[in-house]
There are 2 protein chains.
Amino acid sequence: MRILVVEDEHKIANSVKRGLEQESYAVDVAYTGSNGYDLASVEEYDLIILDRLLPEMDGIEIAKKLREQKIHTPILMLTAKGQVTDRVEGLDAGADDYLVKPFAFEELLARIRALTRRPKDSLGMILTVSDLMLNSANYEVKRSAKSIQLSSKEYALLEYLMRHPDQTLTKDQIISHVWNYDADVLPNTVEVYIGYLRNKIDKPFKNRPALIQTVRGFGYKIG
Amino acid sequence: MRILVVEDEHKIANSVKRGLEQESYAVDVAYTGSNGYDLASVEEYDLIILDRLLPEMDGIEIAKKLREQKIHTPILMLTAKGQVTDRVEGLDAGADDYLVKPFAFEELLARIRALTRRPKDSLGMILTVSDLMLNSANYEVKRSAKSIQLSSKEYALLEYLMRHPDQTLTKDQIISHVWNYDADVLPNTVEVYIGYLRNKIDKPFKNRPALIQTVRGFGYKIG
DNA sequence: GATTTTGCTGAGAAATAGCTGAAGATTAGC
DNA sequence: GCTAATCTTCAGCTATTTCTCAGCAAAATC
């Protein structure tokens with residue numbers, strides 16, 4: 001699955017590239033509009049992530065030109081928080097979806113999955129680890145058939161862990177996936193949230209094995 | 001169920017495609033009239049959604065030609081608000097129904113359901129959740145046999161919720177289904193309408209459980 | 001066994017989500 | 001055109017969530 005990222009802010013471009021590669025997408029990056037446009041017209045991508053505001057040639061224009069060229073690759077447009085009003089303009093130009101910056105990486109992944117629509121996770125994937133179940137259609141979490149109430153950060157963290165079962169994730173990885181790229185939260189915040197999750201999914205089920213495990217010096221894993 | 005969408009505005013075409021696929025229709029899109037005509041003559045569809053005004057070959061002409069070819073696939077014609085809604089002309093050409101742009105997605109779905117009329121929902125599907133009943137044939141809503149009067153937005157919102165019982169729907173999802181694609185309403189508007197609905201279907205029935213539930217951080221669900 | 005590092009946790013300040021009354025805009029009916 | 005209903009936004013309020021801090025516990029290192 002090949003993805004082109006057109007974004008002039010290197011920080012964002014690179015963090016998106018790194019994250020997507022970790023999810024085993026093949027990623028090309030263009031830091032300018034014209035560069036991005038050239039790549040998009042020559043190469044074949046499964047998805048194009050396009051910053052709306054770019055020097056030289058902006059996102060709207062690129063989208064419009066690509067559509068004129070009959071290139072119908074799905075386009076995910078990124079817009080800064082202030083510029084929300086122009087939803088219509090962007091969609092007119094041919095974008096398929098919108099994401100407002102700053103976004104959490106997992107949110108980006110969800111949109112990408114929706115746009116490239118792998119049958120597997122269309123509408124409501126159900127993740128399970130042991131007797132813990134997470135249903136992304138209605139954001140419901142259950143353990144041993146008992147419903148568990150989570151806040152949205154807790155939910156995002158749990159989903160990230162459960163999408164990588166038995167794999168140790170460092171606090172840095174967790175931060176860059178669950179929080180948005182310009183929030184800089186302390187590693188301790190992750191510890192705190194792990195604590196919250198344990199209170200809800202491990203502590204009340206003493207007769208069952210604890211699912212969230214600390215891998216001292218490295219991070220956490222579920223499984 | 002296969003549907004062909006012939007529409008030159010990518011924005012509309014893509015958002016309709018995405019929405020219908022989520023409802024598990026198989027959707028093909030043609031961005032030009034002649035392209036659409038070719039597809040419609042070769043492939044077998046259960047429904048064709050046709051923009052009335054298209055470059056190259058317009059909707060009326062496509063409909064006429066298809067009918068000449070003895071292709072009787074139901075046709076739903078889209079017309080812009082300003083356009084002379086010459087119902088007669090379109091219906092003469094062979095269209096089975098009309099929808100004026102901009103439309104809300106749920107409205108489109110309702111027409112599609114009417115045209116493809118699966119025996120199941122022939123003449124007005126009736127949705128029920130607990131003791132709440134919605135009859136889409138006559139737009140009547142009742143709870144515990146007591147009739148409830150709703151405005152059209154309230155009705156559209158309730159129908160959307162009831163068609164996805166026990167599933168949490170985000171404010172974004174609600175906005176893009178219940179409002180039309182170029183309306184730019186605030187999330188708070190959804191909150192307000194949820195409030196209106198609660199006043200009418202939950203508050204007056206204190207002895208019964210509340211049906212509309214807030215799922216903090218995610219959205220709302222009914223059930 | 002003392003020291004350092006790493007992780008856990010209770011408490012609290014700051015930020016945010018959701019609810020609601022009210023008021024301005026828009027639309028439909030007459 | 002006028003009026004009434006409906007639609008939408010706004011501002012203020014409350015409860016929850018988010019995040020940091022500081023002190024403690026456990027493990028690793030010396």
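Since this is a predicted model, take the numbers as computed values, not measurements. In what follows, chains are A, B, ... by sequence order, proteins preceding strands, each numbered from 1.
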* Asked: Is the closest side-chain heavy-atom distance between A/His164 and A/Gln22 below 4.5 Å?
  -> no
* Structure fact -> In whole angstroms, the gap separating P of C/dG7 from CD of A/Gln213 amounts to 15 Å
* Structure fact -> Tested for side-chain contact (heavy atoms from CB on, under 4.5 Å) against A/Ile112, the lone hit among A/Asp46, A/Ile49, A/Leu99 is A/Ile49
* **Comparing B/Ser151 and B/Arg216 on DNA chain D - which has the more 5′ nearest nucleotide** => B/Ser151
* Report which part of the nucleic acid A/Thr214 touches: base, sugar-phosphate, or nothing (heavy-atom distance under 4.0 Å, all strands). => sugar-phosphate
* Structure fact -> The answer to which of A/Val185 and A/Leu150 contacts DNA chain D further toward the 5' end, by nearest nucleotide, is A/Leu150
* Asked: Is there a residue in residues 195-207 of chain B whose heavy atoms reach under 4.0 Å of DNA chain C, and which residues are they?
  -> B/Arg198
* Output all residues satisfying ring-ring contact (aromatic ring centres under 6.0 Å, His included) with A/Tyr193, sequence neighbours left out; order by chain, then residue number. => A/Trp179, A/Tyr196
* Asked: With a 3.5 Å cut-off and no angle check, do the side chains of A/Tyr31 and A/Asn14 form a donor-acceptor pair?
  -> yes
* Taking NZ, NE, NH1 and NH2 as the nitrogens, is one of them in B/Arg163 or B/Glu23 under 4.0 Å from a carboxylate oxygen of the other? -> yes
* **Separation between CG of B/Leu157 and CD1 of B/Ile212, rounded to the nearest 0.5 Å** => 7.0 Å
* Is the shortest side-chain N/O distance from B/Tyr193 to OP1 or OP2 of C/dC19 below 4.0 Å? -> no
* Asked: Quick one: is C/dT6 close enough that its OP1 or OP2 comes under 4.0 Å of any side-chain N or O from A/Lys171?
  -> no
* **Euclidean distance, atom CD of residue B/Glu154 to atom C1' of C/dT27 [Å, nearest integer]** => 15 Å
* **Protein-nucleotide distance (A/Lys153, atom NZ; C/dT16, atom C1'), rounded to Å** => 11 Å
* Asked: Can you tell which of C/dT9, C/dG7, C/dC19 lies closest to the side chain of A/Val192?
  -> C/dT9
* Quick one: which of B/Thr116, B/Asp96, B/Asp97 gives a side-chain hydrogen bond (donor to acceptor under 3.5 Å, both in side chains) with B/Arg111? -> B/Asp97
* Structure fact -> From the list B/Thr168, B/Leu197, B/Val190, side-chain contact (heavy atoms from CB on, under 4.5 Å) with B/Tyr220 holds only for B/Val190
* Do A/Asn188 and C/dT6 share a donor-acceptor pair, side chain to base, under 3.5 Å? -> no
* **Validation row: A/Lys200, A/Val141 side chains within 4.5 angstrom (heavy atoms)** => no
* Asked: Nucleotide range of DNA chain D contacted by chain A, 5' to 3', under 4.0 Å to a heavy atom?
  -> D/dT17 to D/dA27
* Asked: Nearest-Å distance, CD1 (A/Ile194) to P (C/dC8)?
  -> 8 Å
